[in-house]
Amino acid sequence: MSTRPASKSAAKASSKVTPISGFPEYLPSERIVEQRFLDVIRETFELHGFSSVETRSIEPIDRLSAQGEDADKEIYAVSRLAGGAGDDARWGLHFDMTVPFARYVLENAGKLAFPFRRYQIQKAWRGERPQEGRYREFTQADIDVVDVGQLSPHFEAEMPLVIADVFSKFPVGEFVIQVNDRKIPNGFYQGIGITDVIGTLRIVDKLDKLGPEKVKALLVESGTTPEQADQCLALAGVRSTDLGFVEQVRALGVEHPLLDEGLESLANVIRTGMAHAPGKLVADLRIARGLDYYTGTVYETQFIGHESWGSFCSGGRYDALASDGRNTYPGVGISIGVTRILGLLIGRGLVTASRSTPAAVLVALTDDESREGAVAVATALRRRGISCEVAPSAARFGKQIRYAERRGIPYVWFPGAAESGDEVKDIRSGEQVPASAESWTPPAEDLVPQVTRVD
């Protein structure tokens, strides 16, 4: 066997960096945008009384794959690197937060206070074809309320209010939260004689992607009559920003107790939205959600003017996702697709950060011996909550200022520049004034990087 070292060309080829699609990595300025979004989400969730939890990254594959007909196709299996050929993977990376949260509730039920309000901001993984707005690794931000035995329906009305609060603080433009109740199509379908309710829901859920003609063809192919398919499409076409959807559904002439229950439930959600988030909620009866565990209200959220992007925040009510055989833990939750939103906003250049560093001040160096004094200035500023850094070298002041410009740092601090002490310069305006590290504070908009919408 040859022991000669690999050639330089072979070593170079083996070290070539190849991007992996579907796993986004942000530049510093983009990361600032992401962190600002995450800060707003966390702060708003906590304002509404939700407590933070974090669950493990893996779950048993059989539990993950039980959540819908396509779920098993999305799971990244996990096995030991050193496992043998017969070492079948038992675990998979979670593709959402709801399934691991349901397991978390079961394992910790005796230690939780119900109704339990939690938020969870974490990575998830989904094995699908990467494209704009869809990734293999992504961050989700979820809220859920879970109770024992029964869950009050007012929580279903609360979920979209929290989301409306979150997005009203983002520079994302106008948005709308589309709401339906699974009991409405369930009762309607049964009322017109359809027995495969779940299968019909899954087909109707493809309306946005396929359009009404193809959806009708799929419905007929699945066993519904053309008349039943037309009625399903008529129901899916009902939409209103007020309680008018109730009469629109009644006008279709279908009766069923479950339909009545769903209409009343959705009316309560829309009524609450009209009172506390006017213009943000709309009853849209084409919203179905493809996962099997939803049983009541379901939500999808879109940017107005960018409807082709699809939903970036969705969820719903589930009654039997978590059960230990004695107790059932019904819940309702909603999830923000953080990476999905940012991928679209950043990718289209619709949001930007004012700088690529949190530092608001660069402390300049007059010479190498002045570094100790510069560090003392930086320390004093940091104690007062002002982010700063010390210049990397004692270059000419013009070069240090250009360094700050490249980084987007708005202020440069010159220790001992005046007879009376230090001076600080706003390098955007050129204004330079005397300043003390013990008292000087920049304007609030300069303390932290600002994230703004680009129109």
Side-chain angles (χ1 to χ4, degrees), residues 15-45 52 54-59 64 70-71 73-78 92-100 119-143 163 166-167 169-173 175 209 300-303 305-315 334-358 407-408 448-454:
S15 63
K16 182 180 179 181
V17 176
T18 303
I20 302 177
S21 62
F23 293 83
E25 294 178 330
Y26 295 123
L27 294 172
S29 61
E30 297 167 342
R31 176 67 171 152
I32 283 175
V33 173
E34 181 188 40
Q35 288 181 309
R36 177 58 184 150
F37 271 58
L38 292 174
D39 287 344
V40 169
I41 292 170
R42 176 185 56 80
E43 291 164 4
T44 307
F45 286 173
S52 175
E54 183 171 287
T55 60
R56 67 197 185 204
S57 299
I58 63 172
E59 297 291 334
L64 292 171
D70 295 325
K73 301 175 185 176
E74 300 180 336
I75 300 168
Y76 276 114
V78 176
L93 295 172
H94 60 234
F95 56 81
D96 72 359
M97 303 300 167
T98 306
V99 175
Y119 79 86
Q120 190 169 347
I121 301 175
Q122 225 173 309
K123 294 280 190 183
W125 297 266
R126 188 166 295 175
E128 61 180 350
R129 183 175 65 85
Q131 52 188 299
E132 186 183 43
R134 291 193 173 273
Y135 304 94
R136 290 168 170 162
E137 180 180 74
F138 50 93
T139 298
Q140 284 189 191
D142 288 24
I143 50 171
I163 296 306
V166 168
F167 284 103
K169 300 173 182 176
F170 283 163
V172 296
F175 61 93
K209 294 180 180 179
E300 290 191 354
T301 310
Q302 292 184 333
F303 290 135
H306 299 284
E307 288 80 5
S308 62
W309 292 0
S311 177
F312 55 84
C313 176
S314 56
I334 196 163
S335 172
I336 300 173
V338 177
T339 306
R340 175 171 172 75
I341 296 171
L342 294 178
L344 292 165
L345 293 176
I346 293 174
R348 301 287 182 93
L350 296 177
V351 293
T352 185
S354 59
R355 57 184 189 257
S356 62
T357 173
R407 299 267 284 156
V448 296
Q450 299 299 300
V451 174
T452 56
R453 182 175 176 84
V454 179

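Please read all numbers here as calculations on a predicted model, not as lab measurements.
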Asker: Could you walk me through whether Lys169 and Glu43 pass the salt bridge (charged side-chain N to carboxylate O under 4.0 Å, His left out) test, one step at a time?
Answerer: CA-CA 11 Å; Lys169 300 173 182 176; Glu43 291 164 4; over 6 Å; no
Asker: Strictly distance-based, threshold 3.5 Å: is any side-chain N or O of Glu30 a donor or acceptor partner for the main-chain N or O of Leu27?
Answerer: yes
Asker: Got Val454 and Leu350 here, is their nearest side-chain heavy-atom distance under 4.5 Å?
Answerer: no
Asker: Go through it in stages, so that I can follow the logic: the residues are Tyr119 and Ile41, the test is side-chain contact (heavy atoms from CB on, under 4.5 Å), and I'd like the CA-CA distance, side-chain angles, deciding distance and then a yes or no.
Answerer: CA-CA 10 Å; Tyr119 79 86; Ile41 292 170; over 6 Å; no
Asker: For residues Met97 and Ala124, report the shortest heavy-atom separation together with the two atoms involved.
Answerer: CE-CB, 4.1 Å
Asker: Between Arg136 and Ser21 (side chain of the first, backbone of the second, donor and acceptor by atom type, cut-off under 3.5 Å), is there such a pair?
Answerer: yes
Asker: Please find the pair of heavy atoms, one from Pro24 and one from Thr339, that lie closest to each other, and give the distance.
Answerer: CG-CG2, 3.7 Å
Asker: I'd like to check Thr352 versus Val451 (side-chain heavy atoms, cut-off strictly below 4.5 Å). Are they in contact?
Answerer: no
Asker: Test your reading of the model: is there a side-chain donor-acceptor pair from Arg42 to the backbone of Phe45, 3.5 Å cut-off?
Answerer: no
Asker: Ignoring hydrogens and geometry, is there a side-chain-to-backbone donor-acceptor pair from Arg126 to Phe95 under 3.5 Å?
Answerer: yes
Asker: Is there side-chain contact between Ser314 and Thr301, with at least one heavy-atom pair below 4.5 Å?
Answerer: no
Asker: Report yes if some heavy atom in the side chain of Ile75 is under 4.5 Å from a heavy atom in the side chain of Trp125; otherwise report no.
Answerer: no
Asker: Please check this pair: side chain of Gln450 against backbone of Val448, looking for a donor-acceptor N/O pair closer than 3.5 Å.
Answerer: yes
Asker: Rounded to the nearest 0.5 Å, how far does CD1 of Ile163 lie from OG1 of Thr44?
Answerer: 9.0 Å
Asker: Apply side-chain contact (heavy atoms from CB on, under 4.5 Å) to residues Ile341 and Phe170 and explain how you reach the verdict.
Answerer: CA-CA 11 Å; Ile341 296 171; Phe170 283 163; 5.6 Å; no
Asker: Determine whether Ile334 and Asp142 make a side-chain contact, defined as any pair of heavy atoms from C-beta on separated by less than 4.5 Å.
Answerer: no
Asker: Is it the case that atom CD in Glu25 sees more than 12 heavy atoms from other parts of the structure closer than 6.0 Å?
Answerer: no
Asker: Would Ser335 and Gln140 count as having a side-chain donor-acceptor pair, cut-off 3.5 Å?
Answerer: yes
Asker: Under the ring-ring contact (aromatic ring centres under 6.0 Å, His included) rule, collect the residues that match up with Phe138, sequence neighbours excluded.
Answerer: none
Asker: One pair to check against ring pair (Phe, Tyr, Trp, His ring centres under 6.0 Å): Phe175 and Phe303. What are the steps and the verdict?
Answerer: CA-CA 4 Å; Phe175 61 93; Phe303 290 135; 7.8 Å; no
Asker: Are His94 and Arg56 side-chain neighbours, meaning at least one heavy-atom pair lies under 4.5 Å?
Answerer: no
Asker: Is it the case that Gln122 and Thr139 place a side-chain donor and acceptor less than 3.5 Å from each other?
Answerer: no
Asker: Backbone N or O of Gly305 within a donor-acceptor pair of the Glu307 side chain at under 3.5 Å?
Answerer: yes
Asker: Taking the side chain as every heavy atom from C-beta outward, state whether Val351 and Thr452 have any pair of such atoms under 4.5 Å apart.
Answerer: no
Asker: Is the side chain of Arg355 donor-acceptor paired with the backbone N or O of Thr357 at a distance under 3.5 Å, no angle test?
Answerer: yes
Asker: From Glu137 CD over to Tyr76 OH, what is the distance, rounded to the nearest 0.5 angstrom?
Answerer: 9.5 Å
Asker: Would you name the heavy atoms of Tyr135 and Gly22 that are closest together and state the gap between them?
Answerer: CB-O, 3.5 Å
Asker: Establish, from distance only, whether the side-chain atoms of Lys123 and Ser57 form a donor-acceptor pair under 3.5 Å.
Answerer: no
Asker: As a quick check of understanding, evaluate side-chain hydrogen bond (donor to acceptor under 3.5 Å, both in side chains) for Ser311 and Gln302, giving each step before the final call.
Answerer: CA-CA 5 Å; Ser311 177; Gln302 292 184 333; over 6 Å; no
Asker: What closest approach, in Å, do Tyr26 and Ile346 show between heavy atoms, and which atom pair accounts for it?
Answerer: CE2-CD1, 4.1 Å
Asker: What heavy-atom pair brings Ile32 and Pro449 nearest, and what distance separates the two atoms?
Answerer: CG2-CB, 3.7 Å
Asker: Would you say that Phe312 contacts Leu345 through its side chain, given a criterion of any heavy-atom pair below 4.5 Å between the two side chains?
Answerer: no
